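Let me begin by presenting the structure, written as structure tokens, before commenting on it.
Please read all numbers here as calculations on a predicted model, not as lab measurements.
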Amino acid sequence: MSRGYLPICRKDMLEEGIDQLDFVYVSGDAYVDHSSFGSAIICRMLEAYGYKVGLICQPDWKNPESIMEYGEPKYGFMVSAGNMDSMVNHYTVNKKHRSKDAYSPGGVMGKRPDYAVIVYCNLIRQVYKHTPIIIGGIEASLRRLGHYDYWSNKVRRSILLDSGADIISYGMGEHSIIEIADALASGIDIKDITFVNGTVYKTRREEDIYDAIRLPDFEEIKLNKRKYAESFAIQYQNTDPFQAKRLYEAYDGKMFIVQNPPAKPLTQMEMDDVYNLPFMRNYHPKYEKDGGIPALSEIKFSLTSNRGCYGGCNFCALTFHEGRIIQTRSHESIIKEAKQCIQDSDFKGYIHDVGGPTAEFRKPACKKQTRFGACKNRQCLFPKPCPNLEVDHSDYIELLRKIRNLDGVKKVFVRSGFRFDYLVADKNKEFLSELCKYHVSGQLRVAPEHISDNVLKRMGKPGVDIYNKFVDEFTRVNKKLNKDQYIVPYLMSSHPGSTLKDAIALAEYVRDLGYMPEQVQDFYPTPGTISTCMYYTKLDPMTMEEIYVATDPHEKAMQRALIQYRNPDNYDLVKEALIRENREDLIGFEEKCLIPPRKIKNFSGHYHNKHNNNQKDNKENKTNNKRTNNKINNKSGINNKNTKTEINKMSISKNNNKARKNKLVNKKKTSKKRKK
């Protein structure tokens, strides 16, 4: 076996002198032994507690023998789809197949199935009928109860039922997985492990479920969208480990899925212990011949400093997965890992990131969170920062200073998302100054997402006035530092609540910035978010207000195109949207217009009006191409009848010109004969 790595095949197991593994971990990802990969953390945790663990990575899901690599494990199988939901991994928001999988050797797509957790568990059950199966990771966590599935466009059952697994370890999993392992090792049957926080189990005996809230039955949420929204709201209000109640969901009144409260957040010492595990910090050598694992390059020289996020963006699943309470590593732990990066032969002097879900969060939002938990019906930053919020960047500034002063470090970047509203709320502007001076290289990516307050409200994001204030402060600081640096805004189209009117307002904002975003994210309805619930139900689950949702693919395409209105390929969609919303004032050659009346492209792909009075687009000159003319004229509001009339007129004109030309030629010939 490769020295230092965990077993990935039977040969490795035997070389280690192991006859039978305690646990076999089945993963949809290739094996990367790094603390940014969930499979590595869970397996190394179990190893640290004395359990023998081996991995089966990306098994052939069509062949049951691929799951029999080690034989039957002593205590059970653990199954995860990998670091991403397998459906998000496979499909774009338009449900088109992606071409690359960053978590597979060489980035090759097709190494895992759709709904990987379900497929892998069913594969195991074909061979091992009664061996315990524990599922976890992002795919299982966010599908733990009845949920809307965007890819099939229907409400699906708990993944515990469709997979045939015995228990879910949801969230980050370090606490719950060790408790489950210890319970199995002590002889407790998997069906009797109903007491572990951070788990979901199934039972046929409702009378055994205690101190719990019964959610609407699955049959109700499947047929009634309002019931679905009500159920989701209850789940969202019970995501805090200090206040959450036990929840359960009935299926035909015969089976009950029970969700225990979340596991308690890790202490700083526990976080340090996790990141101090003996990770090899690389992919397994067997993948070298295939080109390695692309995902590693993004995080190999990045440092995780925290977990959790109290930002509360509605389109983010962090509340359901990591929770709102911030957990941090000590400076010593992070510095130790930074020194490991420096010793790596591939290190070029650049730390790519220091952060987490939100870079600058280094402690809970307020003192009471660690004792009483996060507020159920109140956000820390939205719509305005809570009066109890402790805004303080001092610890993060100190951490960054320590890292950038290490021998061998040339520059430390901050590329994790950070909350500009939190930064604006800080009266001490020292962090912004240091950020611009030391931790940005030309461009700073931030995520205002939108500029319409109507849309931002549905996103759980601050109003555009806060973003504008941040931009002003950023510009002022860079001017003082004599640095030429820019903000690159990250924008989202078609979020619930966004109308074409809102999309046009965003396009006008982009126009005034003088910047066309290279990347725009169409809203992607993934399990476990308030926004996905809005998308499916057209209701805000927290208020039960009805909201507008763009679900028609063509309208979504128009909203997306408007943000990138300068792209010539988007011309027809932008023009259609402007006409539909009676905004023809934005079609023309004036400074405030988004597009000209017709397409005229120069070599750089930007629109211009040079020779607009005597030059026409090539397509317009090809008058014999009826299809092209029909398409152009239809999109300009001209019907087919008028189009045919115009084409006929042009044909007649062309024939008349030809006749005149022939007449002139004949006249010249006659004149020549007379002269002779």
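Although no hydrogens or angles enter the test, the distance criterion places a donor-acceptor pair under 3.5 Å between the side chain of Tyr170 and the main chain of Asn260. No donor-acceptor distance shorter than 3.5 angstrom exists from the side chain of Ser104 to the backbone of Gly107, with no hydrogens or angles considered.
Because its NZ or CZ atom is not both nearer than 6.0 Å to the ring centre of Tyr438 and within 45° of the ring axis, Lys411 does not count as a cation-pi partner of that residue. Remark: Lys384 is not positioned above the aromatic ring of Phe382, lacking an NZ or CZ atom under 6.0 angstrom from the ring centre and at most 45 degrees off the axis.
Taking 4.0 Å as the cut-off between side-chain N and carboxylate O, Arg143 and Glu139 do not count as a salt-bridged pair. A salt bridge links Arg404 with Glu434: the distance from a Lys NZ or Arg NE/NH1/NH2 to an Asp or Glu carboxylate oxygen falls below 4.0 Å. A salt bridge links Arg362 to Asp395: at least one charged side-chain nitrogen sits closer than 4.0 Å to a carboxylate oxygen. Under the 4.0 Å criterion applied to side-chain N and carboxylate O atoms, Asp421 and Lys461 are not assigned as salt-bridge partners. Using a 4.0 Å cut-off between a side-chain N of Lys or Arg and a carboxylate O of Asp or Glu, Asp272 and Lys336 do not qualify as a salt bridge. Residues Glu47 and Arg44 are paired through a salt bridge, judged by an N-O separation under 4.0 Å between the basic side chain and the carboxylate. Remark: Arg324 does not engage Asp240 in a salt bridge, criterion side-chain N to carboxylate O under 4.0 Å. By the 4.0 Å N-to-carboxylate-O rule, Glu174 lies close enough to Arg307 to be salt-bridged with it. Between Glu390 and Lys367 there is a salt bridge, since a side-chain N of the basic residue sits under 4.0 Å from a carboxylate O of the acidic one. Taking the charged nitrogens against the carboxylate oxygens, Arg281 and Glu337 do have a contact shorter than 4.0 Å, which makes a salt bridge.
Among the candidates Lys111, Gln58, Arg112, the single residue satisfying the side-chain hydrogen bond (donor to acceptor under 3.5 Å, both in side chains) test with Asp29 is Arg112. Results of the side chain to side chain contact (heavy atoms under 4.5 Å, CB included) test with Pro357 over Cys316, Cys309, Cys313, Ser416 single out Cys309 as the only residue that passes.
Using cut-offs of 30° and 60° for the angle between ring planes, the Phe431 and Tyr396 rings count as tilted. Ring planes of Phe361 and Tyr310: parallel class, angle under 30° (limits at 30 and 60°). Below 30°, between 30° and 60°, or above 60°: for His34 and Phe37 the angle between ring planes is above 60°, a perpendicular geometry. Between Phe470 and Phe474, the two ring planes are tilted [angle within 30° to 60°]. Taking the six-membered ring where the residue is Trp, His284 and Tyr31 present tilted rings, their angle falling between 30° and 60°.
Annotation: the span from Asp273 atom CG to Met271 atom CE amounts to 11.0 Å, rounded to 0.5 Å. For the atom pair Gln340 CD and Phe301 CZ, the distance stands at 11.5 Å (nearest 0.5 Å).
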**Message:** Determine whether Asp114 and His90 satisfy the following criterion, side chain to side chain donor-acceptor pair (under 3.5 Å), listing intermediate values before the conclusion.
**Reply:** CA-CA 7 Å; Asp114 288 355; His90 284 173; 2.5 Å; yes

**Worked verdict on Phe77 versus Phe23 for ring pair (Phe, Tyr, Trp, His ring centres under 6.0 Å)** = CA-CA 6 Å; Phe77 284 93; Phe23 292 99; 9.8 Å; no

**Item:** side chain to side chain donor-acceptor pair (under 3.5 Å) evaluation trace for Arg144 with Gln259
**Value:** CA-CA 8 Å; Arg144 55 190 185 252; Gln259 174 184 300; 2.9 Å; yes

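Atom NZ of Lys363 is surrounded by more than 12 heavy atoms from other residues, nucleotides or ligands within 6.0 Å. More than 12 heavy atoms of other residues, nucleotides or ligands shown are found within 6.0 angstrom of OH on Tyr515. The 12-atom threshold is not exceeded at OH of Tyr350, counting heavy atoms of other residues, nucleotides or ligands nearer than 6.0 Å. Other residues, nucleotides and ligands contribute more than 12 heavy atoms inside 6.0 Å of the CE atom of Met109. Within a 6.0 Å sphere centred on NZ of Lys479, heavy atoms belonging to other residues, nucleotides or ligands number 12 at most. More than 12 heavy atoms of other residues, nucleotides or ligands shown are found within 6.0 angstrom of CG on Asn405. Crowding of Lys100 atom NZ: a count of heavy atoms from other residues, nucleotides or ligands under 6.0 Å not exceeding 12. Other residues, nucleotides and ligands place no more than 12 heavy atoms under 6.0 Å from the NZ atom of Lys74.
There is no side-chain donor-acceptor pair under 3.5 Å between Asn282 and Asp33.
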